[in-house]
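To start, the structure under review is shown below, and the notes come after it.
All residue numbers refer to positions in the sequence shown, counting from 1.
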Amino acid sequence: MATMVDEVQPLTGARLMLAALLLGLANFMVVLDTTIANVSVPHIAGALAVSPSQGTWVITSYSVAEAITVPLTGWLAQRFGATRVFAFGMAGFGLFSLACGFAPSFALLVAFRVAQGLCGGPIMPMSQTLLLHIFPKNKAGQALGLWSMTTVVAPIAGPILGGLISDNMHWSWIFFINIPVAAFVGFFAYQLLIDHDTATRKVPVDYVGLGLLVVWVGCMQIMLDKGKELDWFSSPTIIILAIVTAVGFCSFLIWELTAQNPVVNLRVFRHRGFSIGVATLSLTFGAFFASVVLLPLWLQTSMGYTATWAGYSGCLNGILAVIMSPIVAQFVGKTDGRILTSFGVFWMGAISLWRAHFNTDAAFWDIALPQFVLGFAMPFFFISTTNLALSSVDPEETASASGLANFLRTTGAAFATSIMTTAWDNTASKKHEILAGSLRNPEATIDKMMSAGLSHDQAIGQLDRLVQVQAVMLSTNQMFLAAAGVLVLAASIIWLAPKPKNAAPMGGGH
């Protein structure tokens, strides 16, 4: 990040607390937006005439755009100042939230979500940077605790708020509610913090590296999102996207490793602890986030849940996460981080394995209880893995390493979501064919339904519906089983990292 202006005295008293609340609220809003749309996907997809799996683009497009912006935050802060970047990001976030709410088509909604993610990306690291800047050094831990708490609480509120809005109001209100918050926080934070802004200087930007980053990440995400619709590699479009992705990625690696001022400092991967820590972070968060998206999709499209009740079932993980976060923080730096991470991720894998045994008779608490228990493990994973990765790099590389870790985590989540939802659809279709072909005496079943008062077409439709529900259930269980396998792998590879010697301050995004 940019060099701080040491001459400016930090805020005190009520002004300090107001600034902290504004920055925390900004981070809360941005994190909230990554989960509030999860339970709203079926509503948005239905309103804009796309399939539920296509509807997940509303989530993945935002995540990828947000991730692309994060590596630029260090340059932006140095060039324009952290307060100005923060205020501009809030203004853009509010503006494109308005555009999302009024989007007349799904294509425009995705485009506006991309713009919203580009504006939201700098808000997270800038809010943390400013928070640490205005708090005295002896209270930096409290500032980080406040900032981190918003990242835990927001995912709890997201599914509930998204469900209530989707069921009782128009889906566009999940975006409109951002506007007053963005305006209030952006204006007052600017007025309060502009005199405490970071120092600025002209810093060259790696336009080539940035362009290559956008190209290969964007093409890969489009390929994953459009693959099923275009029948994968039987489509020339998918083949072209795959080639551009591969060439763009290789070119990006070569350029960033040789550029004088790279937009992404790939040299931090020479630290084994960082490389292994980030790999664990990306794999775990990818499996976790994809499951978070899949659960409400399954509940609403197959189990008859409303968006509100799907939100209730998915929000309980935050309760134990909030309770355990300060407790786990006491162990960080005192206990081998590999033990904490491995324990947390293995726990998450066990929960995913538990979910892999759901059936169509599952009641609300059969679904909600695993979510509740999952919250116990989340702080072990989030806090210790991030700390382990960042403590492995040199002090002057912490900002770059932090941005890169956040980029890979967010991008991994978007990619994993696209892969899982596509695999979920494909597996359900295959299971449907298998189950339909193995039905015993379906004519007798149809006759029985007709004797109960259904027409022939209604009986066939009802039987097909029963088969589809079972097919989706089997597919859902298979996805949770695959997620469990990824989590076990992630929990195992963390032991390839060297034993951490010291701790580093956490930073660079949620």
Side-chain angles (χ1 to χ4, degrees), residues 38-59 106 163 166-167 225-232 290-311 313-314 352 355-364 366-368 370 417-483:
N38 289 0
V39 297
S40 307
V41 165
H43 286 261
I44 296 173
L48 298 179
V50 296
S51 68
S53 60
Q54 286 177 301
T56 59
W57 299 357
V58 174
I59 301 168
F106 186 72
S166 297
D167 284 341
D225 286 339
K226 299 283 287 184
K228 182 177 185 296
E229 178 185 339
L230 299 178
D231 197 20
W232 291 103
S291 299
V292 166
V293 173
L294 180 65
L295 187 65
L297 272 178
W298 165 58
L299 292 176
Q300 292 179 76
T301 60
S302 185
M303 295 291 286
Y305 276 59
T306 63
T308 300
W309 281 100
S313 70
S352 192
R355 288 170 170 166
H357 293 85
F358 283 157
N359 58 61
T360 54
D361 294 325
F364 173 83
D366 294 325
I367 297 163
T417 300
S418 295
I419 293 170
M420 181 174 281
T421 52
T422 298
W424 181 58
D425 272 348
N426 290 341
T427 304
S429 297
K430 293 176 182 176
K431 296 293 184 184
H432 187 279
E433 293 177 6
I434 294 172
L435 291 175
S438 61
L439 288 175
R440 294 182 179 179
N441 198 9
E443 292 80 8
T445 304
I446 293 173
D447 290 340
K448 187 175 181 180
M449 290 181 177
M450 291 176 65
S451 66
L454 296 179
S455 68
H456 185 266
D457 289 341
Q458 288 174 330
I460 292 177
Q462 181 68 14
L463 182 59
D464 185 69
R465 165 67 179 166
L466 292 172
V467 171
Q468 178 63 16
V469 168
Q470 291 297 330
V472 171
M473 183 74 266
L474 292 172
S475 178
T476 303
N477 286 345
Q478 197 162 320
M479 295 304 103
F480 285 136
L481 185 61

Exercise for the section: Take Leu474 and Leu435 through the side chain to side chain contact (heavy atoms under 4.5 Å, CB included) test and state the conclusion after the steps. Expected result: CA-CA 10 Å; Leu474 292 172; Leu435 291 175; 4.1 Å; yes
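- Here the CD atom belonging to Gln468 is positioned 13.0 Å from the NZ atom belonging to Lys431, to the nearest 0.5 angstrom.
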Practice task
I would like to know whether Thr476 and Phe358 meet side chain to side chain contact (heavy atoms under 4.5 Å, CB included); could you show each step before the answer?
Solution key: CA-CA 9 Å; Thr476 303; Phe358 283 157; 5.6 Å; no
Practice task
Under the side chain to side chain contact (heavy atoms under 4.5 Å, CB included) rule, what do Met420 and Ser291 come out as? Steps first, then yes or no, please.
Solution key: CA-CA 8 Å; Met420 181 174 281; Ser291 299; 4.2 Å; yes
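- Ser352 and Ala483 get closest at one heavy-atom pair: OG-CB, 3.4 Å.
- Tested against His432 for a side-chain contact (heavy atoms from CB on, under 4.5 Å), the candidates Thr427, Asp464, Val472 yield a single pass: Asp464.
- The shortest side-chain heavy-atom distance between Leu297 and Trp424 falls under the 4.5 Å cut-off.
- With contacts defined as side-chain heavy-atom distances shorter than 4.5 Å, the pair Ile367/Trp298 qualifies.
- Using a 4.5 Å cut-off on side-chain heavy atoms (C-beta onward), Ser166 and Thr308 make no contact.
- Closest of all the heavy-atom pairs between Met479 and Ala423 is SD-CB, 3.8 Å.
- A pairwise comparison of heavy atoms in Asn359 and Met473 identifies C-SD, 3.4 Å as the closest pair.
- In terms of heavy-atom proximity, Leu299 sits nearest to Ser313 at CD1-OG, 3.2 Å.
- Shortest non-hydrogen contact noted between Ala459 and Met449 is O-SD, 3.4 Å.
- The CZ atom of Phe480 sits 5.0 Å away from the CG atom of Leu295 when rounded to the nearest 0.5 Å.
- Listed for the Thr421 side chain is a donor-acceptor partner under 3.5 Å among the backbone atoms of Ser418.
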Exercise for the section: Before giving the answer on side chain to side chain contact (heavy atoms under 4.5 Å, CB included), spell out for His43 and Asp167 the whole-Å C-alpha distance, their side-chain angles and the decisive distance to 0.1 Å. Expected result: CA-CA 9 Å; His43 286 261; Asp167 284 341; 3.4 Å; yes
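- Of the inter-residue distances, the one linking Gln462 atom CD with Leu466 atom CG reads 5.0 Å to the nearest 0.5 angstrom.
- Judged by distance alone, with hydrogens and angles left aside, the side-chain atoms of Asp366 form a donor-acceptor pair with the main-chain N or O of Ala363 at under 3.5 Å.
- Rounding to the nearest 0.5 Å places CG of Asn426 at 8.5 Å from OG of Ser475.
- The minimum heavy-atom distance linking Ala471 with Ala428 is given by the pair CB-O, 3.5 Å.
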